[in-house]
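Quantities reported herein were computed from a predicted structural model and do not represent experimental measurements. So that the names make sense, note that chain A is the first sequence line, chain B the second, and so on, each numbered from 1.
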Amino acid sequence: MWSVDEAIRLQEELSKQVIVADQFSDPVKYIAGTDVEYDKDTDLIAGSIVVLDYLTMETMEVATHCMEAAFPYIPGLFSFREMPPLLKAFEKLKIIPDIFICDAQGLAHQRRFGLACHFGVTINLPVIGCGKTRLYGEYEGLGIERGSIAPLMAQDNGQHIGNAVRTQKGINPVFVSVGHKISLETATGIVLRMSTRYRLPETTRIADHYGRLAMEAYKN
DNA sequence: GCGACAG
DNA sequence: ATCTTGTCGC
């Protein structure tokens, strides 16, 4: 595997490849969600990818993969832990989605290379980062209404690296940032559109559900 | 040295 | 991530 130093060098190198402009087919047909489940008493992790019809939000395909975690959880090196099962699940997909939404950060990362960037650059497809909690960057003045947005600013150079987004009135925001081949504005709009009734986008919720099932099935 | 720290 | 039911508040 990678040493911590090697992993950081790789991030610094690959981060140069991130594309922050919209590069996907105009009428978006399929949107995917990714998530990774953990087992509480083993090292097993399950990667899960679900493909939804962008307009109807109907589930079109599910792909999962269970394996042993090969890298520890280190804030900032998260992708080295969760990428392996996600790539395995990706290889099983028959439908190639137009856009992915990862349950983690993209550019809103200390080296501007969170899991959403690493995954996106690796598969060379559009990816949005949508984390449940903040990793890097500061924000203030986020409104209470659904649809409120506050810029996430990097503390090291003041760069606008993401958005804190209120997907439901009075509920904690999610943190949206560019993964690859999409703009922050487009990414933010898509996350809001996919978060119709809950805090998290449907893509993430459904991926989480199937990941849980896959873990159970694998253990039995 | 102390606090922060995606899942 | 995970341990975990009812409960406080709008």
(message) Are A:F80 and A:H118, when compared by the centres of their aromatic rings, separated by less than 6.0 Å?
(response)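 When the ring centroids of A:F80 and A:H118 are compared, they turn out to be within the sub-6.0 Å range.
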
(request) Take atom NZ of A:K169 and atom P of C:dC10, then tell me their distance rounded to the nearest Å. (result)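 Rounded to the whole Å, the gap is 13 Å.
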
(request) Write down the distance between CG (A:L86) and C1' (C:dA1), rounded to a whole number of angstrom. (result)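 Computing the A:L86:CG to C:dA1:C1' distance gives 14 Å.
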
(message) Taking CG in A:D26 as the centre, count heavy atoms belonging to other residues, nucleotides or ligands within less than 6.0 Å. Is the count above 12?
(response)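 No, because the 6.0 Å sphere around CG of A:D26 holds 12 heavy atoms or fewer from other groups.
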
(message) Please encode protein proximity along nucleotides 2-7 of chain B as a string of B, S and -, counting only heavy-atom distances under 4.0 Å.
(response) --SBBB

(request) State the CD1-CD1 distance between A:I101 and A:I190, to the nearest 0.5 angstrom. (result)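 CD1 of A:I190 is found 7.0 Å from CD1 of A:I101.
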
(request) Rounded to the nearest 0.5 Å, what's the gap from OG on A:S195 to CG on A:L200? Could you check? (result)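 It is 7.0 Å, given to the nearest 0.5 Å.
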
(message) For a quick check under 3.5 Å, do A:N172 and A:K132 share a side-chain donor-acceptor pair by atom type?
(response)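 On atom types as modelled, these side chains do not qualify, holding no pair under 3.5 Å.
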
